[in-house]
2 protein chains.
Amino acid sequence: MSADDSTAEAPRKMMAARLRAANLRATRQRVGLAELIFGSSHRHMTAEQLYSEARSEGLNVSQATVYNTLHSFLEAGFLREIVVDPRRSYFDTNTAPHHHFYYEDENRLEDISPSAVRLEQLPSPPAGTRISDVDVVIRVSKR
Amino acid sequence: MSADDSTAEAPRKMMAARLRAANLRATRQRVGLAELIFGSSHRHMTAEQLYSEARSEGLNVSQATVYNTLHSFLEAGFLREIVVDPRRSYFDTNTAPHHHFYYEDENRLEDISPSAVRLEQLPSPPAGTRISDVDVVIRVSKR
DNA sequence: ATTAATGCAAAATCTTTGCACTTTC
DNA sequence: GAAAGTGCAAAGATTTTGCATTAAT
C-alpha cells in the first residue's frame with residue numbers, strides 16, 4: 001500500500017473530507033464508491049466493473065449512481081477518462097500526465113510512465129485552439 | 001483532386017477491381033460506398049455520416065450494410081479505425097502511419113503528418129506481446 | 001446454381017434521463 | 001426543511017445479429 005498520496009488507505013472520514021472539498025456531498029454511495037476507486041493503488045476501470053464490485057461488496061448502488069459518481073469525479077479532477085475502445089469508457093485514477101498500454105486481447109489498460117515515452121516534437125495546435133490533452137496509446141496483442 | 005494514389009477519382013470499374021482483389025464481391029452497395037469513401041482525398045467519417053451521405057446521394061443501403069462494409073474494408077486494410085470518442089467509431093482512409101488532432105468541440109478528426117510528431121523513445125512491449133499500433137491523439141478545443 | 005451480400009427489424013450494449021423518494025447538510 | 005443525490009425503469013444512441021430475400025459469380 002503506497003504512502004505517497006493522500007488517497008491511499010482511504011479511511012471513510014478522509015474520503016468524506018475529500019468529497020466535501022470538491023463540493024460533493026458525502027453520501028453513503030459516493031463514499032463507498034470512492035473507497036473502491038481510490039482504496040488501493042492507482043487503477044483503471046469501466047463503469048460496469050465498478051458497479052459489479054460495488055454490488056459484490058454489498059454496497060447498494062444503482063448503475064445511474066455509478067455513472068453520476070464517475071462523472072462527478074471526472075469533473076472534480078479525481079479521475080481521468082481514457083478512450084481506447086469505442087464501446088465503453090475507461091476511468092483512470094492517475095490524473096498525472098502519462099501514457100497507456102492497451103492489451104487488445106484482454107481489454108485492459110496499463111500505465112506507461114511519462115518518462116518511458118519521449119515526445120520530442122509536437123505540432124502547434126491549429127489557430128484558435130489549445131491543446132487539452134495528448135494521448136499516447138500503445139496497443140499490444142498476444143504475439 | 002490528388003493524383004498520388006490509386007484510389008483517387010475512383011471510377012466505378014476501378015473500385016470494383018479493387019474490391020475483387022480483396023475477395024469482396026463488387027455489389028452495387030459496396031461500390032457505391034467505396035466511391036463515397038475513397039472518391040476524393042483522404043477523409044475521416046463515422047458510420048452514421050457515411051450512411052446519411054449514401055442516402056442523400058440516392059444510394060439505397062441499409063445501416064447494417066454500412067457497418068458490414070466498413071468492417072470488410074477494415075479487414076481488407078482499406079480503412080483504419082480511430083478511437084477518440086467512446087460513443088462512436090471513426091474510420092480513416094489513410095492507413096499509413098500518422099497521428100491525429102481531435103477537435104473536441106466539433107467531434108472532428110484531422111491528420112497530423114507523421115513527421116510533425118517525433119516519438120523518440122517507446123517502451124518495449126510487455127513480454128509475450130507485440131505492438132499492433134501506436135496512436136497519438138492531440139485533443140484540442142476552442143481557446 | 002452456388003454462395004455471398006443485403007435489408008429489415010429485433011436485440012444487445014452502454015449510457016443518459018425523468019421523476020418520485022430519500023438523505024445530507 | 002431545503003437542496004442535492006439516489007434509484008428505478010424507460011429512453012437514447014450506436015452497433016450487432018438472425019434470417020428470409022436478392023444479387024453476384
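All values below were derived from every heavy atom in this structure, side-chain atoms included, with hydrogens, water molecules and symmetry-related copies excluded. Within every chain, numbering begins at 1; the chains are lettered A, B, ... in the order of the sequence lines, protein sequences first and strands thereafter.
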Exercise. Salt bridge check: are Arg55(A) and Glu53(A) linked by an N-O gap of less than 4.0 Å?
Worked result: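 Salt bridge between Arg55(A) and Glu53(A), a charged N being under 4.0 Å from a carboxylate O: no.
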For this session: Inspect the contact between Asp85(B) and Arg139(B) and indicate whether a charged nitrogen and a carboxylate oxygen are less than 4.0 angstrom apart.
Result: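 No, this pair does not count.
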Between [atom2] of [N] and [atom1] of [X], the distance in whole Å:
X	N	atom1	atom2	value
Tyr51(B)	dT15(D)	OH	P	14 Å
Gln63(A)	dG18(C)	CD	P	18 Å
Arg88(B)	dT15(C)	CZ	P	13 Å
Leu24(B)	dA24(D)	CG	C1'	13 Å
Asn60(B)	dT21(D)	CG	C1'	14 Å
Arg20(B)	dA5(C)	CZ	C1'	14 Å
Asn68(A)	dC14(C)	CG	C1'	15 Å
Arg55(A)	dG7(D)	CZ	P	8 Å

Exercise. Pick one: which of Asp111(A), Asp92(A), Thr93(A) meets side-chain hydrogen bond (donor to acceptor under 3.5 Å, both in side chains) with His42(A)?
Worked result: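 It is Thr93(A), the one option of Asp111(A), Asp92(A), Thr93(A) that forms the side-chain hydrogen bond (donor to acceptor under 3.5 Å, both in side chains) with His42(A).
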Is the phosphate of [N] approached by [X] (side-chain N or O, under 4.0 Å from OP1 or OP2)?
X	N	result
Arg30(B)	dA5(C)	yes
Ser89(B)	dT14(D)	no
Gln29(A)	dG7(D)	yes
Arg87(A)	dA12(C)	no
His71(B)	dT15(D)	no

For this session: Give one of base, sugar-phosphate or nothing for Arg25(B), where a contact means two heavy atoms less than 4.0 Å apart.
Result: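 Answer is base: heavy atoms of Arg25(B) come under 4.0 Å of a base.
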For this session: Please work out whether the ring planes of Tyr67(A) and His71(A) are parallel, tilted or perpendicular, with thresholds of 30° and 60°.
Result: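 Ring orientation of Tyr67(A) relative to His71(A): tilted.
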Problem set entry | Donor-acceptor contact present, side-chain Tyr90(A) to main-chain Asn107(A), <3.5 Å |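 Side chain of Tyr90(A) to backbone of Asn107(A): a pair is present.
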Of the listed nucleotides [options], the one nearest the side chain of [X]:
X	options	value
Tyr67(A)	dC25(C), dT15(D), dC14(C)	dC14(C)
Thr27(A)	dG5(D), dT14(D), dG7(D)	dG5(D)
Thr65(B)	dG7(C), dT15(C), dG5(D)	dG7(C)
Ala47(B)	dA5(C), dT15(D), dC8(D)	dT15(D)

Exercise. For residues Thr69(B) and Gln29(B), is any side-chain donor paired with an opposing acceptor at under 3.5 Å?
Worked result: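 No, because no side-chain N or O of Thr69(B) sits under 3.5 Å from a partner of the opposite role on Gln29(B).
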Exercise. Of Ala26(B) and Glu48(B), whose closest DNA chain D nucleotide lies nearer the 5' terminus?
Worked result: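 Mapping each residue to its closest nucleotide by heavy atoms, the 5'-most match is Glu48(B).
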Problem set entry | Residue whose closest nucleotide on DNA chain D lies nearer the 5' end, Arg28(B) versus Ala64(B) |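 Mapping each residue to its closest nucleotide by heavy atoms, the 5'-most match is Ala64(B).
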Exercise. Where each residue is assigned the nucleotide of DNA chain C containing its nearest heavy atom, which of Ser62(B) and Thr46(A) is assigned the position nearer the 5′ end?
Worked result: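 Whichever sits nearer the 5' end wins; that is Ser62(B).
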